[in-house]
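The structure appears below as structure tokens.
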Amino acid sequence: MAPPTLVMATRNPGKIRELKALLKDLGIKLLSLADFPELPEIPEVGATFYENAAAKARQVATLTGLPALADDSGLEVAALNGRPGVYSARYAKEQTFPALPRDEDNWRKLLTELKGVPWERRQARFVCEMALALPDGRLYRARGECDGMIALNPKGSQGFGYDPVFWVPAYDRTMAQLGPRVKNKISHRGRALADLQALLASLRGELAGF
Ligand code: ITT
């Protein structure tokens, strides 16, 4: 029988790298949308992270006939009433064709919007909603959050996205300074996946059947 296979329903290389590291011990073959270049772009039209994650997972499971795991994530900044939130990927540029804005454009816009906001009002949190869809219609959900502050200046070169400006108080460093081992332990993505690990392990036999 073929090994159990899971499609990570994302094209974001940073997410792919982290999900691979987090799932490496499960004995599941991991593919991503990079392995399915013919699949159409899935528009993100949901009002919440979960709606987007569920839509991505469902569509990829239907189109590939394989179990699919989607991650919709972003940054909620208290002083901006929760923005950029579900729009985190398109924060610096609403028009996403032909490409999303670069990570650096997004975090530079954030620093500009927060100019003059004092340290004690720079609270933020990363949110990750995950959806696991099976081709037979079953859908599972998990959520993870990670609290921090928006730094006054960018620091560090690891991770991706908003990591250079996301200050983690417990480590007195930005997420981009922490490195993958620590990040995966404390991140919104690591926490969401911790919830799904046991489920994926218990579904391993069934995943092999698709
Ligand atoms: P897919 O939809 O293909 O998965 P995407 O990059 O469009 O990729 P999202 O719509 O979920 O993904 O947008 C996530 C946004 O939040 C994007 O700007 C990321 O850079 C940012 N983000 C998510 N997780 C992050 C993390 O761990 N560190 C830094 N930024 C993160």
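Both ligands and their constituent atoms are indexed starting at 1 by order of listing.
- Atoms of ligand 1 found under 4.0 Å from any heavy atom of Ser88 (numbered from 1 in listed order, with element): 15 (C), 16 (O), 18 (O).
- Shown here is Arg11, whose CZ atom has more than 12 heavy atoms of other residues, nucleotides or ligands within 6.0 Å.
- Checking each of Phe49, Phe166, Phe126 against His188 for a ring-ring contact (aromatic ring centres under 6.0 Å, His included) leaves exactly one that passes, namely Phe126.
- Proximity to Thr10 (heavy-atom distance under 4.0 Å) selects the following atoms of ligand 1: 1 (P), 3 (O), 4 (O), 8 (O).
- No side-chain heavy atom of Met149 sits under 4.5 Å from any side-chain heavy atom of Val168.
- Classified by interplanar angle (parallel below 30°, tilted 30° to 60°, perpendicular above 60°), the ring pair Tyr91/Tyr162 is tilted.
- Neither the backbone nor the side chain of Phe166 has a heavy atom within less than 4.0 Å of ligand 1.
- Distances shorter than 4.0 angstrom occur between a heavy atom of Gly74 and an atom of ligand 1.
- When the heavy atoms of Lys56, Met175, Arg102, Arg189 are ranked by distance to atom 2 (O) of ligand 1, first place goes to Lys56.
- Contact between Arg90 and ligand 1 is absent, with no heavy atom of the residue lying under 4.0 Å from the ligand.
- Residue contact check: Lys183 has heavy atoms under 4.0 Å from atoms 26 (C), 27 (O), 28 (N) of ligand 1.
- Set against the non-hydrogen atoms of Gly161, the atoms of ligand 1 under 4.0 Å away are 20 (O), 29 (C), 30 (N).
- Note on Lys93 versus Asp105: no salt bridge recorded, every NZ/NE/NH1/NH2 to OD/OE distance being 4.0 Å or above.
- Between Val127, Leu19, Asp163, it is Asp163 that holds the heavy atom closest to atom 28 (N) of ligand 1.
- Within ligand 1, the atoms closer than 4.0 Å to a non-hydrogen atom of Asp72 are 9 (P), 10 (O), 11 (O), numbered from 1 in the order shown.
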